[in-house]
Amino acid sequence: MITTKDIDNPLIKFVLHLGDNALIMGHRNSEWCGHGPILEQDIALTNIALDQVGQARNFYQYAAELISETNGEQLTEDSLAYLRDSWDFKNCLLAELPNGDWAQTILKQFIVSAYQYHLYQALANNQNEQLAAIASKSLKELNYHLRWSSDWVLRLGDGTTESKKRMEDAIAILWSYTNEWIDFADYEMIILGDSHHSIQQDWKAKIKSVFDEAGLMIPVDGWMQKGGKVGNHTEHLGYILTDMQFLQRAYPNAEW
Amino acid sequence: MKTFIRKMFYGDYGEEKNNAAESNSTNASKNEWPLWEVFIRSKQGLDHKHVGSLHAADAVMALENARDVYTRRGEGVSIWLVESKNIHASNPDDSAALFEPANDKIYRHPSFYELPDELKHM
Amino acid sequence: METSLEEQFQQKIDQEHKIEPKDWMPDKYRQTLIRQISQHAHSEVVGMLPEGNWITRAPSLRRKAILLAKIQDEAGHGLYLYSAAETLGISRDEMYHQLHSGKAKYSSIFNYPTLTWADMGAIGWLVDGAAIMNQVPLCRTSFGPYARAMVRVCKEESFHQRQGFESLWVLSKGTDEQKRMCQDAIDRWWWPCLMMFGPPDDESTNTIQSMQWKIKRFSNDALRQKFVDMIAEQIKILGMKLPDPDLKWNEEKKHYDYGKINWDEFWQVLKGNGPCNKERLDARRKAWDEGAWVREAASAYAEKKHTNQLNNSNKVYENVH
């Protein structure tokens with residue numbers, strides 16, 4: 001096992017946070033592969049999962065480079081994904097929550113896509129060229145993720161009585177995990193600077209406009225969960241890692 | 001012959017009243033999302049070409065799925081979609097009447113004309 | 001001289017003309033094709049499950065991406081094939097109904113469990129390899145939409161077998177445990193793969209008519225032999241063994257001889273008694289049943305939008321002009 005817990009460099013923390021979000025979202029979405037509500041949508045969600053795994057790899061590769069520059073430790077995308085324990089992971093809690101039904105999965109994906117879309121837009125103009133390059137590339141993918149998930153929020157919110165009910169239930173279950181995305185940690189503030197304001201606003205505006213069109217209500221302000229960004233997770237993450245890291249841990253140092 | 005086999009094919013839906021969806025007695029496909037035909041332009045300058053079909057509830061979804069299904073390996077730069085029921089197709093029984101009369105109009109082809117060798121590039 | 005429709009049909013096929021959906025065809029041809037294409041489509045879709053087991057456990061991010069892409073391809077192949085079958089007048093829902101009720105079959109190979117990571121490699125190399133043997137000749141099958149679907153499928157499949165072999169190759173050069181994992185997977189998948197080509201020619205009921213119609217272009221045994229010859233050579237590169245003491249090059253026949261296949265096991269798995277028949281069908285049914293409200297919601301939404309559009313159509317007309 002390795003740990004990145006002692007790293008204090010905000011850029012490294014930030015890049016790991018981005019990679020972890022992408023990986024854990026991709027992991028959850030990939031659980032749908034072969035089990036989707038219709039073949040076409042199975043393919044669509046798997047596409048998104050593939051994009052997310054791809055984004056995670058880009059961020060981890062960059063993080064590994066940065067870490068090696070900082071302390072000489074030789075890490076790879078795989079050691080970062082497979083050899084860290086849950087306290088090292090900096091993804092938002094929403095990402096690791098179980099998929100639930102299609103409504104919960106869609107809501108999750110929509111909340112995250114709306115965030116990542118605006119985040120990557122901001123990062124595409126960041127002075128850090130490497131970060132800007134990864135963000136620009138990912139932004140094209142996010143365009144689609146956001147469109148796809150927004151369309152589904154509309155279909156479910158404005159579909160049948162049952163689908164509306166399920167969307168409302170999903171909102172009730174997941175809402176307290178939404179604010180963490182825009183409740184920025186110190187390391188995020190340092191990298192994002194002033195752009196964090198517009199990300200917050202654009203994210204809120206996007207959610208409001210899609211919810212309005214879908215006939216869904218945004219809940220009144222209440223308690224919001226957090227902790228993922230500094231490594232305090234839900235119990236679910238441990239099980240994700242148990243699955244994901246099984247081979248790397250059972251057969252240390254093997255090449256696959 | 002089993003009842004589920006209905007002799008309805010894509011291209012027929014527009015012509016026939018008693019089409020596949022309506023004549024279905026099993027009610028299995030009552031709620032089936034409509035079928036769409038997908039046409040892809042593989043690069044700028046080429047025609048869109050029929051590549052296959054898919055099911056989608058609406059045109060927006062059909063477009064997104066066509067992208068997911070038929071351009072996974074960068075096969076296209078543009079997509080056209082037509083709901084299958086809107087395609088009107090010629091009937092193979094009419095093929096002789098429709099297409100054979102063109103076969104003897106060989107004077108429509110440039111190779112029909114013998115020209116002097118001195119005349120180049122025409 | 002007047003020839004019957006049936007004779008004209010056969011003549012077309014003999015001359016390698018493709019049959020298109022609206023052309024006249026014998027009912028039996030249509031039925032046979034629907035059965036064959038839908039079985040094939042079901043195999044692709046059920047086939048996502050054994051590999052899907054390992055997506056979350058793939059040992060590297062690269063392997064995870066490859067596996068996801070591969071399984072997604074299989075969904076795509078299922079879709080191409082369902083579409084081809086639909087041109088014959090059966091709905092996809094009906095085909096699902098046949099699958100879920102146990103009436104339609106799918107390839108028995110997917111009723112075997114995936115127990116270790118090496119199974120992902122073995123499936124790519126052996127199962128996809130066997131499937132490709134079957135599929136390449138089908139690119140020239142007599143029914144146009146089926147042939148076109150197969151061309152697309154074969155184009156995409158070629159990476160599947162290669163990644164499978166590569167994955168096993170890495171294991172074969174790895175630690176002792178990995179080598180063992182590799183051999184174990186080959187041992188478990190080899191015989192079921194040979195069964196994928198179907199019963200021996202003298203017991204196969206559909207072969208003669210299907211060959212005449214060019215729905216099938218080679219016999220089960222011919223394809224099986226071709227597969228054995230190919231794999232018997234390729235396994236040397238892996239430095240592994242096929243679990244068949246009777247496997248031997250026959251100089252006279254210029255083919256490999258191989259041992260007796262346990263056809264009793266084949267029929268048992270086909271009947272539903274394989275290790276995973278129940279899990280596979282249950283998983284498919286569950287996905288379909290739990291997706292019902294989703295599909296209905298999307299239909300209802302599309303319907304609403306359509307109605308709104310009709311109500312607004314005058315407005316649109318004004319906008320255009």
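Remember, predicted model here, so these are calculated numbers, not experimental data. In the text below, chain A, chain B and the rest are named by the order of the sequence lines, each starting its count at 1.
Contact of C:Arg62 with chain A is made through backbone and side chain together, with heavy-atom distances under 4.5 Å. Proximity to chain C is absent for every atom of A:Arg28, based on heavy atoms less than 4.5 angstrom apart. Both the backbone and the side chain of C:Leu61 come within contact range of chain A, with heavy atoms under 4.5 Å apart. Interface residue C:Arg57: backbone and side-chain heavy atoms are both found under 4.5 Å from chain A. For C:Glu290, no part lies near chain A; criterion is any non-hydrogen pair under 4.5 Å. A:Leu154 touches chain C through backbone and side chain together, each having a heavy atom under 4.5 Å away. Contacts between A:Ala49 and chain C at a heavy-atom distance below 4.5 Å involve backbone atoms as well as side-chain atoms. Only the side chain of C:Lys305 comes within contact range of chain A, judged by heavy atoms closer than 4.5 Å. C:Val46 does not touch chain A: none of its heavy atoms, backbone or side chain, sits under 4.5 Å away. Only the side chain of C:Trp54 comes within contact range of chain A, with heavy atoms under 4.5 Å apart.
Salt-bridge check for A:Arg155 with C:Glu296: failed, with every basic side-chain N at 4.0 Å or more from each acidic carboxylate O.
C:Gln72 places a side-chain N or O within donor-acceptor distance of the main-chain N or O of A:Ile43, the cut-off being under 3.5 Å.
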